[in-house]
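Quick note: residue numbers are just sequence positions, from 1. Everything numeric here is computed off the predicted structure, so don't read it as measured data. Counting convention: from 1, in listed order, for ligands and their atoms alike.
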Amino acid sequence: MQIAMIGTGYVGLVSGACIADFGHQVTCVDQDSGKISALNAGEIPIYEPGLDDLVRSNVREGRLSFATVLGAAVKEADAVFIAVGTPSRRGDGHADLSYVYQAAHEIAAALDGYTLIITKSTVPVGTGDEVERIIRELRPDADFAVASNPEFLREGAAIHDFKHPDRIVIGTDDERARKLAGEIYRPLCLNKAPILYVGRRTAELIKYAANAFLATKITFINEIADLCEQVGGDVQDVARGIGLDNRIGPKFLHAGPGFGGSCFPKDVRALIKTAQDYDVPMRILEAVETVNNTRKRAMARKISSAFAGVLRGKAVAVLGLTFKPNTDDMREAPSLPLITALQDMGAKVRVYDPVGMEQARQVLTGVTYCEGAYDCVEDADAAVIVTEWEQLRALDLARVRQLMACPVLVDLRNIYHPEDMKKRGFVYTSVGRAPAHPPVNVHLPRDSDPVLPLL
Ligand SMILES: NC(=O)c1ccc[n+]([C@@H]2O[C@H](COP(=O)([O-])OP(=O)(O)OC[C@H]3O[C@@H](n4cnc5c(N)ncnc54)[C@H](O)[C@@H]3O)[C@@H](O)[C@H]2O)c1
């Protein structure tokens, strides 16, 4: 089949490369000519494990190509995916659908013969109706259908997720469209991926409901973590204790600095807005959003409390900047409000991320960029682990302890063990677990006995 993928960002590029790998002929289109030139030169504009090999092999075998204008690709296509961004609209938090509607206009002009238009972008209920209306108005002669096929891939595991999805959701009432969409994904039936055929509006809602539910799960365990800190519980054990219950499940129960990234924050916001438009209160999600927004900045207090609330002039090393490991995506990363809070308190912030430094430079100012984790912690008064990169899970802790001016380590991902860190001489704080030392005004010279009481 001939496929056009409109939008070659995270979702468009991964989906386009995977669909080409199924054996279809795919053209990925993007209006960003820099991105397309880079791809044509063999460079991958995002960091996603395995994506470079997948793109290169499919380009080499002639199944995947790139273009800046969609005309020729749409004209020849059996199916056209819309995979453009749907960020939060400035000012009101609704999903900004201008890119989707712009793509619909451009697609309409190029349609030739029966074409299935499939919205892969995350879009509010009713967007498919509007895409159909736009195209019908511009091209009353055109033979087309509009379906919804939301994407559930996770950055950092995107290729695996696309090729081994828990389910594929296809939203359309049009029999011909169902058959064609099913045909695109037929290779995945070998992996026994269930295809869920539903109405278009239902498909649109499934995507938001899924993200909103996962965001709620994270926020729930974060609040339980706060309670654990006050009552002396261990949130990891609580998460395990409830996660082993099949009705709950173990995933998305990792307490941390709050959810971020390119999807959850904007999708929670957009679903609340949609519900408001229909006069349906979404009180749980409103609470999720508020709790999560205040949490990221509040994490700075975990660091300042080690210095009796006074961070002015202290050097704080921030390890891990991207919103999660194995991606260079900085969109709504928890590190950003945390760093702003540290700066507001007068701290001198040093930062390091294994992959995200280039993206971070575009959004973070007033910080010192470091070459590596050890460079970052050198002479720091405190270090905070924000993203659980493998590299940060396996730090040489003796070296870290030796390099730091003051051994205050705040682990927002619970990757180290409190008792072990105490033995190694750190003043260690994590999330939802009793601190290994009481939060006190610390000044522990680097050569002092690591087990000295701190008071
Ligand atoms: N990133 C994820 O993990 C993820 C997962 C599931 C769903 N989604 C959803 O998928 C959609 C895309 O997300 P993304 O992260 O890939 O966004 P992105 O910002 O990485 O990519 C969007 C791309 O679309 C291009 N574009 C915009 N208008 C265009 C047009 N008219 N013609 C051609 N190209 C155009 C932009 O230049 C950009 O490269 C969003 O709705 C998002 O919510 C994202």
Side-chain angles (χ1 to χ4, degrees), residues 4-18 27-39 44-49 51 66-74 80-89 94-110 117-124 127-128 131 134 148-162 165-169 203-204 206-212 214-215 259-271 322-324 326-333 359 362:
M5 183 70 64
I6 314 305
T8 309
Y10 241 105
V11 166
L13 184 56
V14 171
S15 308
C18 289
T27 306
C28 284
V29 181
D30 204 289
Q31 61 189 10
D32 180 342
S33 54
K35 200 175 263 189
I36 296 301
S37 306
L39 284 161
I44 307 298
I46 51 170
Y47 177 81
E48 179 63 39
L51 187 59
F66 304 100
T68 48
V69 283
L70 56 69
V74 169
V80 179
F81 283 91
I82 298 178
V84 300
T86 50
S88 275
R89 192 163 65 189
H94 275 278
D96 179 352
L97 294 173
S98 56
Y99 301 102
V100 173
Y101 295 151
Q102 176 62 32
H105 277 86
E106 293 171 29
I107 291 165
I117 294 140
I118 305 174
T119 311
K120 196 164 252 320
S121 301
T122 302
V123 293
T127 305
V131 168
I134 290 170
S148 164
N149 167 224
E151 184 49 56
F152 298 96
L153 62 78
R154 292 164 304 165
E155 292 182 15
I159 295 168
H160 176 271
D161 286 356
F162 195 91
D166 291 337
R167 77 303 204 187
I168 297 156
V169 173
E204 291 168 339
I206 285 172
K207 175 63 192 177
Y208 278 104
N211 276 2
L214 295 173
F259 61 79
S262 63
C263 291
F264 284 4
K266 80 170 174 69
D267 291 348
V268 167
R269 229 173 276 142
L271 183 54
T322 53
F323 86 94
K324 65 168 167 175
N326 295 325
T327 177
D328 60 352
D329 202 332
M330 287 294 299
R331 287 179 280 187
E332 302 212 32
Q359 295 298 322
Q362 295 172 25

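Protein heavy atom at the shortest distance from atom 5 (C) of ligand 1 is Leu153 O, 3.5 Å. The closest protein non-hydrogen atom to atom 34 (N) of ligand 1 is Gln31 N, 3.3 Å. In this structure, the protein non-hydrogen atom closest to atom 9 (C) of ligand 1 is Thr122 OG1, 3.4 Å. Counting protein heavy atoms only, atom 21 (O) of ligand 1 is closest to Gly9 CA, 3.2 Å. Among all non-hydrogen protein atoms, the one lying nearest atom 24 (O) of ligand 1 is Gly7 CA, 3.5 Å. If you check which protein heavy atom lies closest to atom 32 (N) of ligand 1, you get Ile6 CG2, 3.6 Å. Scanning all protein heavy atoms for the shortest distance to atom 2 (C) of ligand 1 gives Glu155 OE2, 3.5 Å. What sits closest to atom 40 (C) of ligand 1 on the protein, heavy atoms only, is Thr86 OG1, 3.5 Å.
Applying the 4.0 Å criterion to heavy atoms of Gly85 picks out, from ligand 1, the atoms 22 (C). Less than 4.0 angstrom separates some heavy atom of Tyr99 from each of these atoms of ligand 1: 27 (C), 28 (N). If you number the atoms of ligand 1 from 1 as listed, the ones under 4.0 Å from a heavy atom of Lys266 come out as 42 (C), 43 (O). Annotation for ligand 1: atoms under 4.0 Å from non-hydrogen atoms of Lys35 are 38 (C), 39 (O). Short contacts between ligand 1 and Ser262, defined as distances under 4.0 Å to a heavy atom of the residue, involve ligand atoms 1 (N), 2 (C).
Below 3.5 Å of separation, one finds an N or O of Tyr10 facing an N or O of ligand 1.
At least one side-chain heavy atom of Lys266 sits less than 4.5 Å from a side-chain heavy atom of Thr122.
The heavy atom nearest to atom 12 (C) of ligand 1, out of those in Ile107, Val84, Thr68, is found in Val84. Looking at His105, Glu151, Arg331, Lys207 and measuring to atom 17 (O) of ligand 1, the nearest heavy atom belongs to Arg331. For atom 44 (C) of ligand 1, the nearest non-hydrogen atom from the set Thr8, Val11, Ile36 belongs to Val11.
Glu332 places no side-chain N or O within donor-acceptor distance of the main-chain N or O of Gly261, the cut-off being under 3.5 Å. Under the 3.5 Å distance criterion, the side-chain polar atoms of Thr322 are left unmatched by any main-chain donor or acceptor of Met330. The closest donor-acceptor contact from the side chain of Thr327 to the backbone of Gly156 lies at 3.5 Å or more, if one exists at all. Put simply, the side chain of Glu48 gets close to the backbone of Ala158: a donor and an acceptor are under 3.5 Å apart.
Remark: Lys120 pairs with Glu151 by the salt bridge (Lys or Arg N to Asp or Glu O under 4.0 Å) rule, at least two apart or across chains. Residues meeting the side-chain hydrogen bond (donor to acceptor under 3.5 Å, both in side chains) test with Lys207, sequence neighbours left out: none.
Residue contacts with ligand 1, taken as heavy atom pairs separated by less than 4.0 Å, do not involve Ala158 at all.
The closest side-chain donor-acceptor pair between Glu204 and Thr127, if any, does not fall under 3.5 angstrom.
Closest approach of Ala270 to Tyr208, counting heavy atoms only: CB-CE2, 3.8 Å.
The CZ atom of Arg167 sits 8.0 Å away from the CD1 atom of Ile206 when rounded to the nearest 0.5 Å. Taken from CD1 in Ile134 to CD in Gln102, the straight-line distance is 9.5 Å, to the nearest 0.5 Å.
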